[in-house]
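Below is one structure, written out as structure tokens; the observations come after it.
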Amino acid sequence: MFAKRTSSLSTLIVEVNGEAVELSDGVTLSQLLQQLEITTRHVAVELNLEIIPFEKHAECILVDGDQLEVVTLVGGG
Amino acid sequence: MATEIDSKQYVAEQGTFQVGPFELSSRLIVGSGRYENATMMKECLELSGAQCITVAVRRERLHDADGENLLDFIDSDKYVLLPNTAGCYSADDAVRVARMGREILRALGNPGADWVKLECLGDSKTLLPDPIATLDATEKLVNDGFHVLCYTSDDPVTARRLKAAGAAAVMPAGSPIGSGQGILNPNNIRIILEYLKDEDPDYPVIVDAGVGTASDVAQAMELGVDGVLLNTAIAHARDPHMMAQAMKHATLAGRQAFLAGRIPKRLYATASSPEEGIIATHPYPRGK
């Protein structure tokens, strides 16, 4: 807990698919997806209930408390 | 000399059908879920002859991802993908999921980006649709530019309301999803067809859900629906490969039987062989 608090000056916490993820300040959506090793061609990203088109991932800077859903296609009927 | 009959001509006459922006060559739409493995799914899609494949939208796994993606097994240049909103219990969630599906397909360049199979469920045990939430979501998605294919119950009044709300196709369930009970109320399907196709004969009505075997598909098609959407009946058959082919043939057989026009049902028999010229040695017993 102590470690988290000290690092909170330069980091932020976002929620990705219901899980907390710690990021450095100024990280973009593209960088987050890279960090999570996600291929952007097969996913859609919703940020705080709004879809972020893949063309805008590189310019989308995340802020503390952002809620993200990263989804892909699976088998379904 | 007898005229030569071209059987291919009759196969061609089952025709393509138009749903929203798409002209589909196969009247069978199949789902990609519940297969034992992805290779089996891929082979069954191929054998079914379907051109349109439904897919679901789910969270990307952040840990322990096996590196495989559905799209590694479905050639998105060959099939039109139809994303669903399966598992949504509110109009708002269904709209969110539809938009996510659109974004994935847009990024892929798949033409299926602007359409969606809308599922707004009301109950987890029956997976029956919530008609009010479905109508609400239909209006929202139509306003957002979607071609909406609505999964609904077989209630004719709801079906009519969904069409009026701008649905590109109405898709009544034959029976609950995955139940394999077939078409429980063919009369409701008949009434839906009458209501929705009145002065609009090309309006697409697709039976979605409940199919258990090939005769269910043929029965639906014989009623005059434009297509059938199924998944579990192939994926969980003992031999999915063979069932995929059976479904393909049943779709065609049912469509042809509908176009050909069945004979009326009668209480008593009518002989197929002529009565005239029957030999007299041992007269057949004759009823009075």
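Letters go in sequence order (proteins before strands), and every chain restarts at 1.
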Portion of [X] that has a non-hydrogen atom of chain A nearer than 4.5 angstrom:
{"X": "B:N110", "answer": "neither"}
{"X": "B:I74", "answer": "neither"}
{"X": "B:L81", "answer": "side chain"}

What part of A:I51 lies closer than 4.5 angstrom to a heavy atom of chain B: side chain, backbone, both or neither?
->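 Side chain only.
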Check each atom of A:E37 against the heavy atoms of chain B and say whether the ones under 4.5 Å are side chain, backbone, both or neither.
-> neither
What side chain to side chain donor-acceptor pair (under 3.5 Å) pairs are there with at least one residue in residues 60-74 of chain A, not counting sequence neighbours?
->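 For residues 60-74 of chain A, and leaving out neighbouring residues, the side chain to side chain donor-acceptor pair (under 3.5 Å) pairs sorted by first residue read A:N48-A:D66, A:E69-B:R59, A:T72-B:N69.
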Chain A interface, residue from B:D208, B:V97, B:N84, B:L229 that has the most non-hydrogen pairs under 4.5 Å |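 Sorted descending by pairs with chain A, the first entry is B:N84.
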Among the options B:R34, B:R96, B:K117, pick out the one with the most heavy-atom pairs lying under 4.5 Å from chain A.
->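 Counting heavy-atom pairs under 4.5 Å, the top option is B:R96.
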Locate the shortest heavy-atom distance separating B:G212 from B:A233; write the atom from each residue and the value.
-> O-CB, 3.7 Å
Heavy-atom closest pair, residues B:Y151 and B:A209 | CE1-CB, 4.2 Å
With a 4.0 Å cut-off, would you call A:K56 and A:E59 a salt bridge?
->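 Result for this pair is no, no salt bridge flagged.
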Taking NZ, NE, NH1 and NH2 as the nitrogens, is one of them in B:D144 or B:R102 under 4.0 Å from a carboxylate oxygen of the other?
->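 Salt bridge: yes.
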Heavy-atom distance under 4.5 Å between the side chains of B:D130 and B:L121, does that happen here?
->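 No, too far: nothing below the 4.5 Å cut-off.
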Side-chain heavy-atom pair B:R106, A:F54 within 4.5 angstrom cut-off | yes
Most chain B-contacting option - heavy-atom pairs closer than 4.5 Å, from A:G75, A:P53, A:G76 | A:G76
Greatest number of non-hydrogen atom pairs under 4.5 angstrom with chain B, of A:V16, A:V21, A:N17, falls to A:N17
Close contacts, residues 36-56 of chain B versus chain A, judged by heavy atoms under 4.5 Å =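 From residues 36-56 of chain B, the residues near chain A are B:T54, B:V55, B:A56.
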Any side-chain donor paired with an acceptor under 3.5 Å for B:D216 and B:T213?
->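 Side chains of B:D216 and B:T213: no pair found under 3.5 Å.
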Taking everything shown except A:E55 itself, do over 12 heavy atoms lie less than 6.0 Å from its CD?
->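 Correct, the count exceeds 12.
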Out of B:V116, B:I206, B:L141, B:T138, which residue meets the side-chain contact (heavy atoms from CB on, under 4.5 Å) rule with B:C150?
->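 Single side-chain contact (heavy atoms from CB on, under 4.5 Å) partner of B:C150 among B:V116, B:I206, B:L141, B:T138: B:T138.
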